Amino acid sequence: MFLRDATTCLLLLAAASFFLAGLVGLLRFPDVFCRLHALTKADNLGLGLVCIALIIQADSWHGAVRLLLTWFLVLVSGATVAHLIARKALQQGQTPWRNR
Amino acid sequence: MTLLFGHLIDLLLAVSLTVLAWRLLATSDLFKATVLFIAFGLLMALAWVRLDAPDLALAEAVIGAGITGVLLLTALRHLDSGARVARMSGRSGRRSLRVLLPALGIMPALLVLLCLSSPHIRSTAGLTASVIERLDQIGTDHPVTAVLLDFRAYDTLLETAVLLLAVVAVWSLHPVRPIFSPEPISPAQRGLLRLLLPVLIMTSLYLFWRGSHAPGGAFQAGALLAAGLLLLLLSEQRLPGRWSGMFLRLLLAGGFMIFLLVAAGALVGTGTLLDYPGGGASWLLLSIEAALSLSIAALLATAVIGGRPSDRSTEFPPRRKDPAGEEG
Amino acid sequence: MILADFLLAQPWFVWLILLPLGGAASTFVLPRRVAPIGFCCALLILAGAVFSVCQLAATGSLTQAAGHWSAPLGIVLRADGLAVVMLATTAGVGFIISCYALGYFPARGHEPSRARYFWPLWLFVWAGCNALYVSADLFNLYVTLEIVTLAAVALTALEGGAPAVGAALRYLLTSLVGSLTYLAGVALLYAGWGTVDLSLLSQVLTEDPLSRTAMALMICGLLLKSALFPLHFWLPPAHGKAPAPVSAILSALVVKTAYVVLLRLWFEVFASFDRAMTAHLLGALGSAAIIWGSLMALRQERLKLLIAYSTVAQIGYLFLVFPLAGAETAATVWTAVILFMVAHACGKAAMFLVAGTIQQTAGHDRISQMAGAGGPIGVLAVVFALASVTIIGLPPSGGFFAKWLLLNAALATGQWWYCPVILTGSLLAAAYVTRVLSWAFLDVRRNVCPVSSRVMKWPPLALCLVALLLGLAAYGPVRVALTGAPVTGHVLVEQRP
Amino acid sequence: MNDLSVYAAAGILLFFIGLYALFFRRQLLSKILAANVMGSGVFLIFIGLVKQPGQSTDPVPQAMVLTGIIVTLCFTAAAIALAIRLKELNEEHHSATRPEDDFG
Amino acid sequence: MTGLYLGLSLLLLATIVLGLVRILRGPTAADRMLAAQLFGTTTVAILLLLGQATSNQALWDVALVFALLTAIAAIAFVRRDLEPEQNKKEDGDVSA
């Protein structure tokens with residue numbers, strides 16, 4: 001019981017740090033292509049950790065399945081949308097930022 | 001601790017809703033306003049959750065984040081070039097209204113004070129108890145669905161009329177134009193559609209089925225289906241010409257007409273409007289709901305497309321022929 | 001015999017909601033048969049309204065709880081005198097407008113889409129009006145108001161030009177503000193007293209800041225929707241630019257819907273409140289509307305705009321009711337306002353329909369260039385003149401009788417200053433009507449193209465005859481109007497010193 | 001005074017912000033958004049005032065707000081269709097009469 | 001545990017509020033759309049946590065619906081056609 005709660009705590013704290021990282025990325029990265037990483041990597045990972053933390057707490061299998069399905073959908077949508085937005089930005093003539 | 005966090009969430013939500021509304025209405029960049037409005041919808045859904053109204057959160061999620069978003073983003077193409085034409089033609093009165101400014105500043109403050117101090121607020125029990133009490137007389141055990149489809153079914157009938165009316169009004173204005181850009185669709189988008197659509201339909205069925213005993217129901221399921229239709233539309237799927245006539249109109253009006261027929265049948269049979277036989281047999285409610293869901297999906301998607309299908313049975317909505325060319 | 005019993009036993013006031021709704025849906029599904037379906041529907045509604053009047057006269061007051069769920073949980077429909085008079089007026093005026101529309105929107109013209117969408121939208125307006133009159137539930141009233149508004153907006157835009165679409169958009173946004181403000185008031189009332197039923201609220205409502213705020217919000221919202229001066233800015237463009245039958249619908253019927261809700265609130269829900277200040281404010285705004293609307297009408301260059309401003313002025317009379325409704329004059333003003341609404345609906349609809357015919361014959365509606373437009377037709381001039389009689393308020397019209405009752409009430413309550421306002425309004429009305437008549441009908445140069453179809457000539461005549469003779473046969477309508485009315489006392493036909 | 005009153009207060013503010021913007025903004029889309037914000041404000045007032053802490057929310061206003069949300073969506077769709085039509089008509093008019101004068 | 005769930009929801013809500021700066025600042029339309037997309041993900045997380053905190057399973061349905069619909073606005077954004085960014089002139093604030 002204690003172990004379960006402790007794991008959940010740890011996972012949630014980790015998730016919080018990923019979400020914060022995503023926020024910093026969104027605010028501080030120099031252009032849209034960099035910021036897309038905040039969306040696709042940090043936040044989706046954070047959500048994944050939240051889902052796992054809640055699955056540990058879940059007492060029925062269909063709750064767990066719903067959580068996994070939610071994460072999966074967000075993951076797929078996030079990846080696709082990042083690709084689409086990047087493509088659109090390139091089409092509109094934005095050039096990716098380079099650190100010179 | 002728990003209570004404090006709850007309070008802080010409520011406070012933060014309320015403040016950010018207000019600030020967001022102010023920012024989105026103050027900007028003159030319409031695209032920015034639209035994106036802020038989508039974010040506003042997200043926060044509204046969270047507010048409904050905090051207010052313990054998951055039905056409203058569901059509706060706000062589908063309508064605020066999904067359908068209104070598509071509606072506004074699609075409309076922007078026609079509206080955001082140049083503020084001059086997109087401006088109301090009238091000019092009189094606005095200057096004189098400025099004198100009302102102080103009143104507009106003081107009134108909210110007064111109203112807030114009043115509502116928070118009134119002894120009547122929250123002293124009445126409301127109707128929760130009487131709804132719960134009568135739930136076993138009817139064919140559903142989710143209170144909101146019971147109110148929508150039985151206790152205040154007449155409101156719902158008229159609301160469905162408003163939905164149909166909105167489509168009639170939109171269609172009366174102009175023939176449909178091609179609404180999306182003709183450039184090729186990314187294969188990733190097609191892949192996403194193939195993945196999302198089955199899940200979306202399943203979820204919609206699930207919401208529909210849950211509606212009889214938990215948050216969900218005909219409206220949310222229909223709106224979710226409408227979002228699915230819009231996703232199809234965004235991927236260049238169209239209604240073939242032979243279906244964009246009578247079939248489409250029957251689909252749009254079907255839910256309303258069935259509801260109306262049930263109401264009229266009850267009026268002939270029992271002399272009372274919407275008095276379901278057998279105290280609201282669940283199969284009857286279920287079939288009304290099913291027809292309503294389908295119609296609502298079609299109505300919302302059609303209202304977003306904005307424009308009537310042409311008389312010569314062509315695809316609905318039409319394709320844009322020339323990538324660089326004129327609209328219409 | 002069985003059939004007759006069955007028909008008489010039907011709750012016709014409920015059928016009057018379902019019939020146009022069904023008609024609207026079927027005309028939408030079958031766009032090639034709109035005119036026959038729509039016209040049959042109008043006939044059925046007319047018959048239903050007649051039945052309703054008979055039932056009301058026989059039984060007193062008609063009520064029904066939808067789905068057998070009584071208030072506060074369910075929605076109660078209630079047809080009292082006011083509701084039935086309005087149902088009958090709407091049915092009569094609506095039937096005539098439907099006849100006229102058969103000629104105005106030819107189904108086989110070069111622009112079939114206008115006819116195709118006029119009918120479903122018009123039937124939606126009709127259904128919304130009927131549902132509104134019989135509703136006894138504040139939230140249900142909101143939904144019906146929205147049906148009427150949305151359909152009326154789409155009808156306004158049916159004309160197709162940029163001015164009409166702009167006017168429709170402004171109408172929509174203004175109405176939306178009005179109904180949301182009204183809804184905010186409903187929310188406060190529900191939060192405080194846990195019901196939205198009119199009669200339950202009138203029993204439990206206590207006068208305190210919360211209920212007074214709710215009252216203020218609801219009244220403000222409804223004032224915006226019923227276009228009382230100075231909130232009338234959206235009305236003239238919308239009514240002036242719409243197609244003629246639509247203008248008739250808007251001016252004769254739609255404007256009065258919000259006002260009917262206001263009457264119900266004032267005389268029923270908030271009846272026990274101390275509202276002298278509000279009443280005087282509404283009376284002052286009404287007086288200003290009479291003077292301002294008439295003066296603006298006098299200045300208009302376009303016939304339809306002139307009639308639209310005349311509507312702004314006539315709305316003002318409706319609001320004189322609030323200050324004049326004293327303890328012993330309540331029944332008098334109640335009767336007066338109902339008669340006034342009936343007379344104005346008939347007269348104004350006739351005027352707009354004539355204006356539409358003139359516009360189609362002459363190709364424009366500029367008053368100064370309209371010389372002779374009515375000449376070769378004759379009947380148009382007669383109809384317009386007869387309709388003016390009730391708008392001005394000359395005997396024996398319904399307008400005269402209503403104003404007479406208002407004057408009596410003003411004297412009986414010692415508020416003599418409303419008398420000059422009413423009289424000035426009549427004089428100004430006479431002035432602007434004479435201006436049209438002198439330009440269009442007396443200066444006959446028989447050089448305009450001949451009149452269009454017959455259905456556009458004769459139906460308006462019936463309307464203005466009704467308006468004209470209403471004053472002579474006022475006993476019936478007055479008796480119906482006072483059935484189940486929330487007022488008591490006598491109708492002061494004669495002012496006692 | 002309790003924790004949920006903040007939503008009612010926010011609702012009142014949203015109502016007035018929307019009202020203000022509706023009168024003073026000139027772009028049509030802003031006006032339409034303002035009406036939506038007003039609507040959200042009214043709905044928040046409705047539920048925020050009715051909700052009692054620790055109890056489930058009264059289903060009757062929930063159903064009413066659901067109806068209100070759908071009705072507002074219908075109005076939004078109609079208003080946007082009207083706005084697009086108005087802009088089209090104005091453009092036709094301007095390109096027909098004064099093609100050079102197309103900048104505000 | 002409930003305190004932790006609510007606290008984390010509060011934190012996530014705060015990241016949304018701070019992230020609004022990106023929508024307000026832009027500078028390009030893609031940036032704004034991207035930020036809105038990010039909020040969708042965060043909202044899903046908040047809903048899951050609130051659902052767990054109040055043990056109200058209906059909120060997970062709301063989260064599922066959000067997860068399904070996060071993509072739709074962004075897809076509408078890329079599918080509408082738009083003049084290139086440079087042509088989009090910032091109109092002066094017309095509210096004055």
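Letters A, B, ... are given to chains in the order of the sequence lines, protein chains preceding strands, and every chain is numbered from 1. In this text, all values refer to a predicted model and were calculated from it rather than measured experimentally.
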Colleague: Applying salt bridge (charged side-chain N to carboxylate O under 4.0 Å, His left out), which residue pairs with at least one partner in residues 40-63 of chain E are found, sequence neighbours left out?
Modeller: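 For residues 40-63 of chain E, and leaving out neighbouring residues, the salt bridge (charged side-chain N to carboxylate O under 4.0 Å, His left out) pairs sorted by first residue read A:R66-E:D61, B:R210-E:D61.
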
Colleague: What part of E:V62 gets closer than 4.5 Å to chain B, counting heavy atoms only: side chain, backbone, both or neither?
Modeller: both

Colleague: Grab the two heavy atoms, one from E:N56 and one from B:P54, that are nearest each other, plus how far apart they are.
Modeller: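 Of all heavy-atom pairs spanning E:N56 and B:P54, the closest is ND2-CG, 4.2 Å.
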
Colleague: Let's test your reading of the structure: which of B:L72, B:L25, B:L8, B:L4 forms the most heavy-atom pairs below 4.5 Å with chain E?
Modeller: B:L8

Colleague: Kindly indicate whether the side chain of E:L6, heavy atoms from C-beta on, has any atom under 4.5 Å from the side chain of E:L50.
Modeller: yes

Colleague: Using non-hydrogen atoms and a 4.5 Å limit, figure out which bit of B:L43 sits close to chain E: side chain, backbone, both or neither.
Modeller: side chain

Colleague: Compare every heavy atom of B:A65 with every heavy atom of E:F66, then report the nearest pair and how far apart it is.
Modeller: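 Heavy-atom minimum between the residues: CE2-CB, 3.8 Å.
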
Colleague: Quick check on B:L200 against chain E: is it the side chain, the backbone, both or neither that has a heavy atom closer than 4.5 Å?
Modeller: both

Colleague: I'd like to verify something: which residue of B:V15, B:L230, B:L58 has the highest number of heavy-atom pairs under 4.5 Å with chain E?
Modeller: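 Going by pairs under 4.5 Å, I would pick B:L58.
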
Colleague: If you count heavy-atom pairs under 4.5 Å between each of B:S16, B:A227, B:G69 and chain E, which one has the most?
Modeller: B:A227

Colleague: What part of B:L207 is in contact with chain E, defined as an atom under 4.5 angstrom from a non-hydrogen atom: side chain, backbone, both or neither?
Modeller: side chain

Colleague: Quick one, B:V147 and B:V144 - any side-chain contact, counting heavy atoms below 4.5 Å?
Modeller: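 SC-SC contact between B:V147 and B:V144 ruled out.
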
Colleague: In Å and rounded to the nearest 0.5 Å, what is the CG to CZ distance from E:L34 to E:F77?
Modeller: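 Separation between the atoms: 9.5 Å.
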
Colleague: With only heavy atoms counted, which part of E:L59 is less than 4.5 Å from chain B, the side chain, the backbone, both or neither?
Modeller: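 Side chain only.
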
Colleague: Quick check on B:A61 against chain E: is it the side chain, the backbone, both or neither that has a heavy atom closer than 4.5 Å?
Modeller: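 Both backbone and side chain of B:A61 come within 4.5 Å of chain E.
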
Colleague: With a 4.5 angstrom heavy-atom cut-off, could you sort out which part of E:A71 is near chain B: side chain, backbone, both or neither?
Modeller: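 Contact with chain B involves the side chain of E:A71 alone.
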
Colleague: Taking all non-hydrogen atoms of both residues, which atom of B:P317 and which atom of B:I305 are closest, and how far apart?
Modeller: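 Smallest interatomic distance, heavy atoms only, reads CB-CG2, 3.9 Å.
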
Colleague: Taking the inter-plane angle between the rings of B:Y206 and B:W209 on a 0 to 90° scale, is it parallel (under 30°), tilted (30 to 60°) or perpendicular (over 60°)?
Modeller: tilted

Colleague: How close do E:L69 and B:V62 get, counting heavy atoms only, and between which atoms?
Modeller: CD1-CA, 3.6 Å

Colleague: Side chain, backbone, both or neither: which part of E:L13 has a heavy atom under 4.5 Å from chain B?
Modeller: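 Both the backbone and the side chain of E:L13 come within 4.5 Å of chain B.
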
Colleague: Verify the neighbour count for atom CE of B:M202: are there more than 12 heavy atoms of other residues, nucleotides or ligands below 6.0 Å?
Modeller: no

Colleague: Applying side-chain hydrogen bond (donor to acceptor under 3.5 Å, both in side chains), can you list everything that pairs with E:Q37, at least two apart in sequence or on another chain?
Modeller: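 Counting only residues at least two positions away or on another chain, E:Q37 forms no side-chain hydrogen bond (donor to acceptor under 3.5 Å, both in side chains).
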
Colleague: Under a 4.5 Å cutoff for heavy-atom pairs, which residue among B:T34, B:L233, B:T74, B:V70 has the most contacts with chain E?
Modeller: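 Most pairs with chain E among the choices: B:V70.
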
Colleague: Holding to salt bridge (charged side-chain N to carboxylate O under 4.0 Å, His left out), I want the full list of residues that pass it with B:R23, two or more places apart in sequence or in another chain.
Modeller: none

Colleague: For B:L234, is it the side chain, the backbone, both, or neither that has a heavy atom closer than 4.5 Å to a heavy atom of chain E?
Modeller: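 For B:L234, heavy atoms of backbone and side chain both lie under 4.5 Å from chain E.
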
Colleague: So, do B:D29 and E:R32 sit near enough that their side-chain heavy atoms are less than 4.5 Å apart?
Modeller: yes

Colleague: Is chain B contacted by the side chain of E:L24, its backbone, both, or neither, given a heavy-atom distance below 4.5 Å?
Modeller: both

Colleague: If you tally heavy-atom pairs under 4.5 Å against chain E, which of B:V19, B:I67, B:L36, B:I38 wins?
Modeller: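 It is B:L36.
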
Colleague: Could you tell me if the side chain of B:P143 sits less than 4.5 Å from the side chain of B:T128, heavy atoms only?
Modeller: no

Colleague: With a 4.5 Å heavy-atom cut-off (strictly below), which parts of residues 188-195 of chain B touch chain E? List them by number.
Modeller: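 The list, in residue order, reads B:Q189, B:L192.
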
Colleague: Where does B:D55 contact chain E at under 4.5 Å (heavy atoms): side chain, backbone, both or neither?
Modeller: neither

Colleague: Please classify the contact between B:L24 and chain E as side chain, backbone, both or neither, with a heavy-atom cut-off of under 4.5 Å.
Modeller: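 For B:L24, neither part sits under 4.5 Å from chain E.
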
Colleague: Measure distances from E:I46 to the heavy atoms of chain B and classify the residue's part below 4.5 Å as side chain, backbone, both or neither.
Modeller: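 Side chain only.
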
Colleague: Please look at E:I72 and chain B and tell me whether the side chain, the backbone, both or neither of the residue comes under 4.5 angstrom of a heavy atom of that chain.
Modeller: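 Contact with chain B is through both the backbone and side chain of E:I72.
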
Colleague: Could you pull out the closest heavy-atom pair between B:A218 and B:I296, with the gap in Å?
Modeller: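 Closest approach of B:A218 to B:I296: O-CD1, 4.5 Å.
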
Colleague: Select one option (side chain, backbone, both, neither) describing which atoms of E:I23 are under 4.5 Å from chain B's heavy atoms.
Modeller: both

Colleague: Chain E heavy atoms under 4.5 Å from B:L224: which part of the residue, side chain, backbone, both or neither?
Modeller: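 For B:L224, side-chain heavy atoms alone lie under 4.5 Å from chain E.
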
Colleague: Do you know which two heavy atoms are closest between E:W60 and E:L47, and how far apart they sit?
Modeller: CD1-O, 4.2 Å

